[in-house]
Amino acid sequence: MDLSVLNDKQKEAVECLSGPLLVVAGAGSGKTRVITYRIANLLAHGIKPYNILAITFTNKAANEMKERVENLLGLGASDCTISTFHSLCNRILHIDIERIGMGKNFNIIDTDDSKSIMRKIIKDLGYDPKKNKERPILSEISKAKNINVGPEEYAAKYAIDDFTRKVSECYNEYEKRKYTANVLDFDDLLVKTAQLFKENPDILDKYQEKYKYILIDEYQDTNDIQFLIVSYLASKYKNICVVGDEDQSIYSFRGANIRNILSFESDFENAKIIKLEQNYRSTQNILNAANRVISNNIGRKEKVLWTENAIGDPVRFEEYKSDKTEADELIRKIKKDKNYSNTAILYRANSQSKSIEEACVYANIPYRLIGGVQFYKRKEVKDMIAYLRVCLNANDDISLLRIINTPSRGIGESSIEKLRTAAISQNCSMFSLLNDASSIGVIKSTASKMKDFYNIILKAKSEVDVKSMLMFFKTKIGYLEDVEIQEGIDARIERESNIDELINKAAEFVSSDTEDAMDSLNNFLNEVSLVADIDELDASDKKLTLMTVHASKGLEFDNVYIVGFSENLFPSAMSLMDGDVGVEEERRLAYVAMTRARKNLHISSAVSKFFQGKSAMYIPSRFVDEAKGDGFECKYAEISNRFYDDVYEEDRPYNKYKFSDQAHSHKSSRSDTYVVNKEVVKAAKADLSKFKSHVTYQKPEKLPYDEGDLVSHIKFGEGKVKSIKDIGKDFEVTIDFKDSGERILLAGFAKLNKI
DNA sequence: CTCCTTTGTCTTTTT
DNA sequence: GACAAAGGAG
């Protein structure tokens with residue numbers, strides 16, 4: 001095995017074949033290379049490919065890694081298991097899930113499905129759906145699952161207040177419904193695998209014997225349940241190599257626990273640690289700027305990346321007047337370079353892609369958008385998949401509900417409700433009642449419509465493979481005709497092309513076929529449920545890439561443009577509400593974004609930007625100040641006046657300083673627009689940094705002023721307190737201001753001083 | 001039961 | 001401003 005292309009540290013990691021090994025690999029330090037060479041080296045030392053398990057963060061990374069190993073060895077590495085945690089668990093469960101009491105043909109539901117289940121649960125449990133949103137409840141449940149806490153344990157240990165008691169109730173019901181429908185959500189794949197290992201030592205032993213050598217990439221982004229699975233697998237032979245960088249941990253919202261990488265040494269005895277600090281990717285200027293930013297995080301292991309690369313062009317920050325100008329100017333620059341396939345535009349949130357997309361369309365630049373409205377989330381694609389799911393798993397009531405009246409076949413809500421309650425009381429699937437629906441109290445004509453639907457599914461199931469099933473659904477059930485009637489011919493054409501694309505993907509699953517239709521259907525559905533957006537990225541076509549910073553993890557480009565680099569966008573307003581912890585994660589995110597660039601890094605922000613129908617004003621991100629230094633150039637927008645709205649919303653304190661510029665002020669008819677000078681902007685900025693205290697605001701027993709007192713406010717000046725109203729978590733104070741008249745403010749935000 | 005209008009919510013990030 | 005859900009009319 002020729003290891004001469006590796007540096008000493010890399011070589012050391014590649015040559016360490018057994019025992020626990022932690023490779024701390026800074027951005028661009030050749031991490032992927034180390035993993036691929038290490039796999040190849042294991043194989044070269046006679047270790048059998050089927051004894052090797054490598055976990056990557058995305059399916060795309062897995063496929064690339066497979067390819068690279070094969071290129072190194074000049075032979076197939078197909079017997080190595082290289083996959084994501086979710087795919088691995090999916091595969092394991094498909095073999096042995098019956099041992100924990102579930103059916104083999106389970107379906108995997110996505111977040112939208114989870115939401116609609118939860119919405120129904122909230123209603124059925126008699127809670128007001130307006131006051132109880134499904135999202136916070138689901139995210140609490142997900143958090144519980146990510147630390148391997150089931151419904152019983154949650155009820156016992158975590159249900160401590162109104163909210164968590166409600167969550168506990170919903171959690172229980174949610175698990176029950178998924179169980180009867182024989183479906184799993186994303187978290188379940190991990191949870192159930194851990195359960196399988198825990199309850200069945202023989203199965204665990206089988207996998208310990210199979211996966212004697214384990215490698216895990218992006219270890220800083222593993223969560224507790226993933227760690228548990230890894231510890232189960234690795235506990236026998238302890239040949240575990242993890243690679244990661246705590247500075248690039250950006251998935252804590254998904255339960256990623258940075259502790260996993262920080263305490264690897266204590267988790268695995270006699271662990272060897274190798275640090276890779278030489279960066280091969282970026283210019284010195286890019287690296288220096290990124291290092292200056294990340295060094296503001298406290299509590300990290302000190303690590304300074306260095307490079308022998310050229311100094312390169314300076315990193316540039318530029319502030320534009322509006323998000324539209326920002327997009328137009330950047331696209332103009334990019335068009336001049338013409339180097340589309342080596343260029344990426346990165347942003348914090350998917351919603352920010354829109355102005356860029358518009359600019360691309362206008363400038364006629366080919367682009368590729370990762371994320372956004374993903375292929376598998378499109379309505380027609382999800383509908384087709386729901387049809388397939390019902391074919392595979394007749395218990396899947398969730399999918400059945402989705403399509404029973406799509407296309408519209410005259411089965412209305414009340415009939416569906418009757419069907420649903422009948423299924424619950426008879427303890428059977430909804431599908432099984434469709435054949436003879438007159439017995440459940442629906443009118444005759446509806447019963448016959450239900451029977452028709454039942455026959456459609458039976459007919460489809462008799463098709464020879466997935467592809468012909470899809471062809472059947474596309475052409476024989478009036479789906480596209482219905483779309484055309486409802487939404488017109490253009491919609492029909494677009495939907496049809498998406499369905500055709502799905503059919504193409506399905507075709508790949510039937511080519512190698514000795515298996516029966518249900519097996520290929522099963523494989524297809526499971527594969528389809530686990531694809532990520534980034535998996536679809538094909539770097540070979542010459543297109544400009546648009547994606548979130550999260551999606552860019554692990555990738556690199558010659559030219560990187562980071563847009564929307566403003567306070568409240570990046571760092572996001574949401575994260576600012578979490579205080580320092582939130583800001584540190586955003587800082588890591590900024591670090592990841594910056595270190596994607598090889599040669600040119602251009603960062604930008606916009607003073608004004610449309611937000612929820614209004615234009616809002618923004619100040620540059622705090623990370624700009626942190627990045628400043630040699631080789632970093634700044635250019636701010638020349639704006640003579642900055643204006644801002646006051647938006648006092650009780651539950652959204654971060655909206656308080658939403659700015660709006662003059663050009664759009666007529667749009668915000670509901671709130672006044674004030675001309676303010678730079679000092680006020682500065683004061684607003686200072687105030688922004690105190691959001692933490694706003695969020696954790698403790699309502700005092702009594703306010704330091706009373707009705708009738710004169711008080712002063714940072715923006716409105718002097719005024720007289722007219723009334724004070726106790727509204728629970730804060731006081732609502734009505735003040736008659738000298739200059740601007742009567743206003744109602746919240747004491748916690750307004751910070752009024754008695755004079 | 002369906003279609004159209006009105007209302008409310010929303011912006012982190014994803015397997 | 002955009003999109004989904006609820007409400008109202010036919």
Side-chain angles (χ1 to χ4, degrees), chain A residues 55-62 83-90 108-112 114-116 119 123 129-130 133-135 139 142 145-146 184-190 218 221-223 225-226 249-256 346-354 370-374 376-377 379 405 408-416 442-443 445-446 449 482 485-486 529-535 547-553 564 568-578 582 585-586 588-589 592-593 609-616 649 651-652 654-655 664 667-668:
Chain A
I55 303 273
T56 57
F57 202 71
T58 62
N59 293 306
K60 176 171 180 275
S83 79
T84 63
F85 269 110
H86 291 267
S87 310
L88 173 73
C89 291
N90 181 37
I108 300 168
I109 57 171
D110 69 13
T111 35
D112 288 341
S114 299
K115 263 192 196 167
S116 63
R119 209 167 17 239
K123 268 187 210 156
K130 285 197 172 121
K133 292 288 162 201
E134 61 273 18
R135 263 233 317 248
S139 92
S142 175
K145 289 188 179 184
N146 283 328
L184 299 179
D185 67 19
F186 290 130
D187 297 325
D188 289 335
L189 292 172
L190 307 171
E218 308 283 8
D221 281 320
T222 51
N223 62 28
I225 187 86
Q226 289 167 336
S249 168
I250 55 174
Y251 279 90
S252 71
F253 68 91
R254 204 164 91 186
L346 308 181
Y347 36 82
R348 176 68 241 271
N350 279 309
S351 59
Q352 289 167 272
S353 68
K354 219 186 131 192
I370 311 292
V373 184
Q374 302 113 332
Y376 287 105
K377 285 202 168 153
K379 187 179 181 302
N405 199 33
S408 158
R409 39 175 85 86
I411 303 174
E413 206 174 327
S414 54
S415 309
I416 293 172
V442 296
I443 54 171
S445 63
T446 309
K449 286 168 188 161
D482 193 59
I485 293 162
Q486 307 279 341
S529 314
L530 294 174
V531 280
D533 304 320
I534 199 72
D535 298 340
M547 66 183 146
T548 63
V549 181
H550 281 91
S552 76
K553 182 158 106 154
N568 279 352
L569 292 176
F570 200 162
S572 76
M574 286 291 199
S575 70
L576 288 174
M577 295 178 72
D578 295 337
E585 173 128 337
E586 296 288 308
R588 290 194 291 271
L589 203 50
V592 169
K609 174 180 151 53
F610 262 87
F611 183 77
Q612 292 183 201
K614 277 201 225 170
S615 99
E649 282 181 65
D651 50 358
R652 282 202 208 160
Y654 56 85
N655 270 353
H664 299 290
K667 293 229 174 201
S668 50

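Letters go in sequence order (proteins before strands), and every chain restarts at 1.
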Using atom [atom1] of [X] as one end and atom [atom2] of [N] as the other, report the distance to the nearest whole Å.
X	N	atom1	atom2	value
A/M547	B/dT14	CE	C1'	15 Å
A/K145	B/dT15	NZ	P	17 Å
A/I108	B/dT15	CD1	P	13 Å
A/L530	B/dT14	CG	P	16 Å
A/R135	C/dA4	CZ	P	14 Å
A/H550	B/dT15	NE2	C1'	13 Å

Contact under 4.0 Å: [X] side-chain N or O vs [N] OP1/OP2:
X	N	answer
A/N405	B/dT2	yes
A/T548	B/dT14	yes
A/S414	B/dC1	yes
A/N350	B/dT13	yes
A/R119	C/dA6	no

Would you mind classifying the nucleic acid contact of [X] as base, sugar-phosphate or nothing, using non-hydrogen atoms under 4.0 angstrom?
X	result
A/T111	base
A/F85	nothing
A/S408	sugar-phosphate
A/S575	nothing
A/R588	nothing
A/S415	sugar-phosphate

Between C/dA4 and B/dT13, how many Å separate the two C1' atoms, rounded to a whole number?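 Approximately 22 Å lies between the C1' atom of C/dA4 and that of B/dT13.
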Both distances below 3.5 Å, Watson-Crick or wobble geometry, any strand: find the nucleotide opposite B/dT11. none
Applying a 3.5 Å limit to both distances, which nucleotide forms a Watson-Crick or G-U wobble pair with B/dT2? C/dA9
Under the 5.5 Å and 30° test, is A/F253 stacked on the base of B/dT13?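 Stacked: ring centres under 5.5 Å, planes under 30°.
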Starting the side chain at C-beta, find the nucleotide from B/dT14, B/dT13, C/dA6 nearest to A/R348.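 The closest nucleotide is B/dT13.
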